[in-house]
Structures are given as C-alpha cells and as structure tokens.
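Since the structure comes first, as structure tokens, the remarks are kept for the end.
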Amino acid sequence: MRSHTCGELRGSDDGARVLLAGWVNRVRNMGGFCFLDLRDRHGMTQVVFEPENAELLEAAGRLHMESVIRIQGVVRRRPGAMTNAELPTGEVEVVATELELLSRAEVLPFTLEVEDTASEDLRLKYRYLDLRRPVKARYLHLRHRMAQAVRRTLDNLGFLEVETPVLMKSTPEGARDYLVPSRIHPGSFYALPQSPQTYKQLLMVAGFDRYFQIVKCFRDEDLRSDRQPEFTQIDIELSFGDEGDVQGVAEAVMAALFHDVKGEELSLPLPRMTWREAMDRYGVDKPDLRVPVEIQRLDHRAAGSAFSVFEQAAASGGVLRALVFKGLAAEFSRKKIDALQDYTRHLGGQGVVAVRWTEEGINSPIHKFTGEEWMEATLVEAGASQGDLVILAAGDFRLVCKLLGNIRLRVAREHGLVQTERHRLLWVTDFPMFEYDEEEDRWAAAHHPFTQPNREQFEAGVSPAELLSRGYDLVMDGQEIAGGSVRIHERDMQAKVFTMLGISDEEAREKFGFLLDAFRYGTPPHAGCAFGFDRLVMIFGETENIRDVIAFPKTNRAASPMDGCPGPVDERQLTELHLSIRGARPESGPA
RNA sequence: GGACCGGUAGUUCAAUCGGUUAGAGCGCCAGCCUGUCACGCUGGAAGUUGCGAGUUCGAGUCUCGUCCGGUCCGCCA
C-alpha cells in the first residue's frame, strides 16, 4: 500500500519512486500548481502537483482536508531556499505522478490546530479526530514507550506478568465498587477491581515470588483533573522481601523511565522522609520539594499571644504554624489577601492570618490583640524579615496542615516559586496505620487492611491513634505516583487488625475468608506497591490533564460523549439479569 | 452532595447601560493565482444566542430553573 511513512523521506532519497498514504493536512493551491501536506502519525511530507499533469493537478485542488489519499511520485530534493527547516522531511518533496482518493472526508466538526482551540466536549465527542493532532498523539506514543520500559525492567529483574480477574468479589473497605450483575446467580454481583490487591497476595502464597501487571482498575468515585473512573496501575508484589526490596525495584523502574524517556540518570537511592516530618514541614503527605518554602512550627508561642484563636488552639492541644514568603509582602494587596481567605474557607478553614512586613512596619489584623512585641518576636522566630509575607494558622493539626500545605503550593505557583528545572522524588514512610472515620465512627485503614503495622508498636499494644504502618508512598513533584506496604502474612495479626477496624470475625470470614484461609497453608512474608501509571505519564508528558494520556477518557460525570455511555439497556437484558430499575428510566444516555 | 467558571454561524471569539438588520477570523462554496509551507486576492452562503420559564414596550445581555463541559471541596483503603 505504501513504500514509506510520511515522516521518513530525506534528501538522500532524492530520485526514489515512492508510494505514500495518509491524511490531507492542508492543500495550498497556487493555480498553476499546488502543494499538499500529507500526514500520518509518523510525520508530514510535502507533495507537489505540477502543471504537466493537468488532470492530476485539478483533482488535487478538489481534495478536502482530512481525506485519506495515496499518491505515487518521485522524491525530489527541494531547491535551497525552498527547504522547510521546521519539518524533518523538509529537504524534500514528492512530485506526484498518481493520486488515489481512498476516503473522502466531510467538513470536520472542528479544525485540527496545534493548540487546544476547540472546546473539550467537542474534542471528546470526536476523540478520534482530536487524536490525529500530533500534540495529542504524542501522549499515547509516550505512554507506549513508558509501558515498554516498565515491562523490560521488571522482566529483567525476574518479575512474572500475570493477569488477574476483572470480575471479582465486592469488598467493604475502600472506594465505591463498580458492580456487574450476575445472570446465572440472581441478585448477586461481581465487582470490578479497585486494584488486584488480594489476587497478588494470593499469587505470593502460590509461590510466584515476583509478580507484576500493568492493569486497569476501577473506582466509582467523583472525578478530578487527575482522576478517571478507570485507570491503570503498575502493580508489583514480591516475596521474601521488605520495604527496602520493594523500594529498590520501584527505584529501578523510575530510573529506567528517566533513562529511556528523558535520557537522564536518576540518582539513587531516593531520599526518605517520615509521614510526620512531611506533614510538619510541608503540610501534606506528598510534598512538592521543588517549592523552597517550608512550614514553620510556632506551637509554643500560641499560648501567650493574647489572640483568642491562637489561645484556644493552645488550650485544645492544637498547633500554630506559619509560612514565610520571602519578599512577597509588597505583592499582596488587600484583594489578593481576600482571595487567599476565600480559598482558605473553600478548604474548610475559618481563615488564616496574613501578615505583611513592609518598610512601614508590620501590618496585620491581629496586632491589637497580640501587641507589637509578640508579633515581631514570632515573625523573627519564623525566620521572617522586612519585605516578607507571613501566613499564620492555628488550630487542629490536620486542618492547619491542609490550609498551609495548600496555600504553600498556590502561592508558589502564582509567583513562580516552583523550581521546575529538575524533578524531585522521595519516599514517604511510617504512615499512620488508621484514620478515624467520623461518619462511621470507627477506625479505618489508612492504606488498606492488609498493611502490616509497625511490629514493635503492635507488640507493645500501642493505641490505634498512635500506631504506624509499614506503608510507603513514592512522591514525585508533589504527586503520589506509587504506594505500597509490607503486607500482613500471619493469620493472627490479620485477624487482630480486622478487629481493630471493627470488622467482626463473621464479616472477615465472609469478605476475606479466602485470603485468611490461604494464609493457613504456608505464606511467605511479602510486600509490594502499585504505581498510578496515568499520573506517571502525565508528569513525563508535562500535562495537568489525565484525559490527555488516556486514549478514550470519560468526562467529569463519568460519561463518554463519543459513544454515549453509560446508556440504558433493553428490558430483556434487565430481565435476564434479574434487575428492575427504581424510578424513571432514562430515555437515552447522558451524552 | 456543595462552590465557582463557561455555553452566541461548522469552529474560535465579539456584540457598550437591556435598544436599529447579532459581527469578525478560520473553515465551507464560487472564481483568480507558477514556489507555497497558517500561501495570497475577490465574492458568497452560513444563527432556535444550550434548553424552558419569568421581568420588560423590547432579552444574546437581567432573574429563576434545567442540561452539558471544566476546576475545586467532600469523596477517592
């Protein structure tokens, strides 16, 4: 069909007879002759139609953009001034001798530009057109290269790729499941996996001591710019190893990606930081180390401030923390500070105290309570000096972390404080084992219920609030790109953790009996992790939008404007599945 | 579940304080053009202003509702 792609002809091919096929990117009809840019995913080549062949020239002039054609012709080196330095094929053009229209294109619903000019819903509805644009196609090329690098690396390290079921049992912990009704078992449902967690642990019991899988996972939760209902994990598990072994493998994967994709050597091992330290210094469990501003601890100064909010924080065991933005006092007008307060309330806080230290002195709304002396001493202790903007927040530890952690990033982004020259990776370790679930009034697993608690603490009977886990997250540029843990492999310990989670023996047997049973027959100590592959591609592809790195993504409301899913089904199908719909049925899909 | 932003020719946008026939670029159609590469020039067609109510002499513009897209909070072990 074709002898070359549209991206490979060079000056050295001068004189060759070639067959090219592709899409008409653009036609430039000069009257006496005409130029045509022929495009495929490999590149673009200029085709010339000359007056010697009037019939061909006329046919070329009639072509529509995005029609698919095949041409036969002769490669010709372009005259010096006519070369196009912007194109890899720019030294040559193909003089057409034959033209075949393979598929005529109608006028497109939007024009294919370099920039994202068309609205996102149109581009999603005609995703196959959006993907013709090289700027979009490049994300899928990148994704492919990264997937290959991961497979090659893990294969070389002795990992076995095993596929696990997509239809599985619904489990109580964690995200909302996508459910699939069973035809054969009336009233019963499969769940789509939120991750292959239990299967990979069972593979360890089965003796496959090094497993991996690049696998789709599903969570029926609301979407975000970095969250889709179906997404891909690089899932890894190994036996007879601990945190260090898993982290070493994950680091090897990252090093391979840096090498293959960016041509850079990643310096290993990556730094480690405890969860507590990350929260104290950055206010989040996934610190962006590219921002050179840290939270300052001023807890001991809260009592004695004479400002009721701070005093209250001190009295109730809360904290007083600060962010110091060097030299930004002058840039923060009343309006910008108000915007920051709005943002704080949006995050669920009551507000923060913004202090500007200018040439005229210290400007803050709480002077009248604290007095000049307390304020200046506090600012100095926080490391501030004249010209700085200081944000103070007091109260519950988690809330203060959330407010200052987010403000740190927001101000850094708005004022160009993010040092983007190089990526910053680190491991965050020693996470809390449990988090208190206010709604359900019980302790919930911070990672998942198979995570091994810190053994010393566990044996000493430390309270759930204090207990740390053997979980770890890999963080890159402020994003969690992988998370994992050393798993529980002892039946007794697993039973105790279930108890701490308020899961009864019966419930544990009902939901996880197969795993507990498996542990009775010889279980190797094991540990693992899973990468969020989509987010990884986002970072390497330098996009903020997860839809960019997925071939056919869903909208914010988990629908696909392209194929109209989800949509209603025939009554007959419902009957087969023993289902009836409560309330009115939709007449058509959401798109 | 909540907050905010957006929706006007095929498309991207404009339309002053609510006021005459809703404009422009790209695309499309017709014609011209021998070195373009976002070719150029001339002319033309193209609109349920997302949808539904309301206010008004008069609504693209104001109000309410609703649908769709996006960002964020909650949620996401």
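Residue numbers start from 1 in every chain, and the chains themselves are labelled A, B, ... in the order their sequence lines are given, proteins ahead of strands.
Rounded to the nearest Å, the gap between the P atom of rA53(B) and that of rU11(B) is 24 Å. Taking atom P on both nucleotides, rC26(B) is separated from rG44(B) by 15 Å, rounded to a whole Å. rC13(B) and rA22(B): their C1' atoms are spaced 13 Å apart (whole Å). Comparing the C1' positions of rG1(B) and rG10(B) gives an interatomic distance of 38 Å, to the nearest angstrom. Comparing rC17(B) with rG58(B), their C1' atoms are spaced 14 Å from each other, to the whole Å. Between rC75(B) and rU56(B), the distance separating the two P atoms is 46 Å to the nearest Å. One C1' atom belongs to rU8(B), the other to rA14(B), and the distance between them is 9 Å to the nearest Å.
Ranking rU12(B), rG35(B), rG69(B) by closeness to the Leu122(A) side chain, first place goes to rU12(B). Of the candidate nucleotides rG69(B), rU11(B), rU36(B), rG69(B) has the atom nearest to the side chain of Glu120(A). Distances from the side chain of Arg557(A) to the nucleotides rG74(B), rG69(B), rG27(B) place rG69(B) closest.
Judged by the 6.0 Å and 45° rule, Arg227(A) forms no cation-pi pair with Phe218(A). Relative to the ring axis of Tyr343(A), Arg410(A) places its NZ or CZ within 45° and under 6.0 Å from the centre.
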Which atoms of nucleotides 1-6 of chain B (N or O only) lie under 3.5 Å from a protein N or O atom, and what are those distances?
from   : atom 1 : to        : atom 2 : distance (Å)
rG1(B) : O6     : Asp222(A) : OD2    : 3.4

Pairs under 3.5 angstrom, nitrogen or oxygen only, protein versus nucleotides 29-31 of chain B, please.
from    : atom 1 : to       : atom 2 : distance (Å)
rC29(B) : OP1    : His64(A) : NE2    : 3.0

Shorter than 3.5 Å, N or O on both sides, protein versus nucleotides 37-44 of chain B: list them out with atom names.
from    : atom 1 : to       : atom 2 : distance (Å)
rC37(B) : O4'    : Arg28(A) : NE     : 3.0
rC37(B) : O2     : Gln46(A) : OE1    : 3.4
rC37(B) : O2     : Asn84(A) : ND2    : 3.0
rC37(B) : N3     : Arg78(A) : NH1    : 2.9
rC37(B) : N4     : Met82(A) : O      : 2.7
rC39(B) : OP1    : Arg26(A) : NE     : 3.4
rC39(B) : OP1    : Arg26(A) : NH1    : 2.7
rC39(B) : OP2    : Arg26(A) : NE     : 3.4
rC39(B) : OP2    : Arg28(A) : NH1    : 3.2
rC39(B) : N4     : Asn29(A) : O      : 2.4

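Among the heavy atoms of the strands, none lies under 4.0 Å from Lys125(A). Contact annotation for Arg535(A): no contact, since no heavy-atom pair falls under 4.0 Å across all strands. Using a 4.0 Å heavy-atom distance criterion, Gln228(A) is classed as making no nucleic acid contact. Within 4.0 Å (heavy atoms only), Pro109(A) reaches sugar-phosphate atoms of the nucleic acid but no base atom. Ser195(A) comes within 4.0 angstrom of a base, heavy atoms only.
Within residues 472-489 of chain A, no residue approaches RNA chain B, by heavy-atom distance under 4.0 Å. Across residues 545-556 of chain A, Arg547(A), Thr555(A), Asn556(A) each have a non-hydrogen atom less than 4.0 Å from an atom of RNA chain B (numbered order).
If you check rU71(B) for Watson-Crick or wobble pairing at under 3.5 angstrom, you find it paired to rA3(B). Shown here, rC32(B) forms a base pair with rG40(B); the pair counts as Watson-Crick or G-U wobble because both key distances fall under 3.5 Å. The partner of rC26(B), taking Watson-Crick or G-U wobble pairs whose two distances both stay under 3.5 Å, is rG10(B).
Environment of NZ in Lys554(A): crowded, with over 12 heavy atoms of neighbouring residues, nucleotides or ligands closer than 6.0 Å. The number of heavy atoms from other shown groups lying within 6.0 Å of CD (Glu414(A)) is above 12.
With respect to the salt-bridge test (charged N to carboxylate O, under 4.0 angstrom), the residues Asp130(A) and Arg127(A) qualify. Taking the charged nitrogens against the carboxylate oxygens, Asp548(A) and Lys136(A) do have a contact shorter than 4.0 Å, which makes a salt bridge. Ion pairing between Arg442(A) and Asp437(A) fails under the 4.0 Å rule for side-chain N and carboxylate O. Comment: Asp430(A) does not engage Arg276(A) in a salt bridge, judged by the lack of any side-chain N to carboxylate O separation of less than 4.0 angstrom.
No hydrogens or angles considered: nothing links the side chains of His64(A) and Glu106(A) as a donor-acceptor pair under 3.5 Å. In this model, no donor atom of one side chain and acceptor atom of the other lie less than 3.5 Å apart for Ser485(A) and Gln452(A).
The aromatic ring of Phe33(A) does not sit over the base of rU34(B); the criterion of centres under 5.5 Å apart with planes under 30° is not met.
The base of rC76(B) does not come close enough to the side chain of Arg219(A) for any donor and acceptor atom to sit less than 3.5 Å apart. For rG35(B), its base sits under 3.5 Å from the side chain of Glu93(A) at one donor and acceptor pair at least.
Under a 3.5 Å cut-off, the side chain of Gln194(A) and the backbone N or O of Ala175(A) do form a donor-acceptor pair.
Listed by chain and residue number, Arg10(A), Arg77(A) satisfy the side chain to side chain contact (heavy atoms under 4.5 Å, CB included) test with Glu91(A) (two or more places apart in sequence, or in another chain).
Between Met65(A) and Ala446(A), it is Met65(A) whose nearest contact on RNA chain B lies nearer the 5' terminus.
Under the 4.5 Å side-chain criterion, counting only non-hydrogen atoms from C-beta, Pro432(A) is not in contact with Leu467(A).
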Working note: Arg39(A) + Glu66(A), criterion salt bridge (Lys or Arg N to Asp or Glu O under 4.0 Å); need CA distance, chi angles, decisive distance, verdict.
CA-CA 9 Å; Arg39(A) 186 199 73 236; Glu66(A) 297 304 314; 2.9 Å; yes
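Note on Ser119(A): every side-chain N or O is 4.0 Å or more away from OP1 and OP2 of rG70(B).
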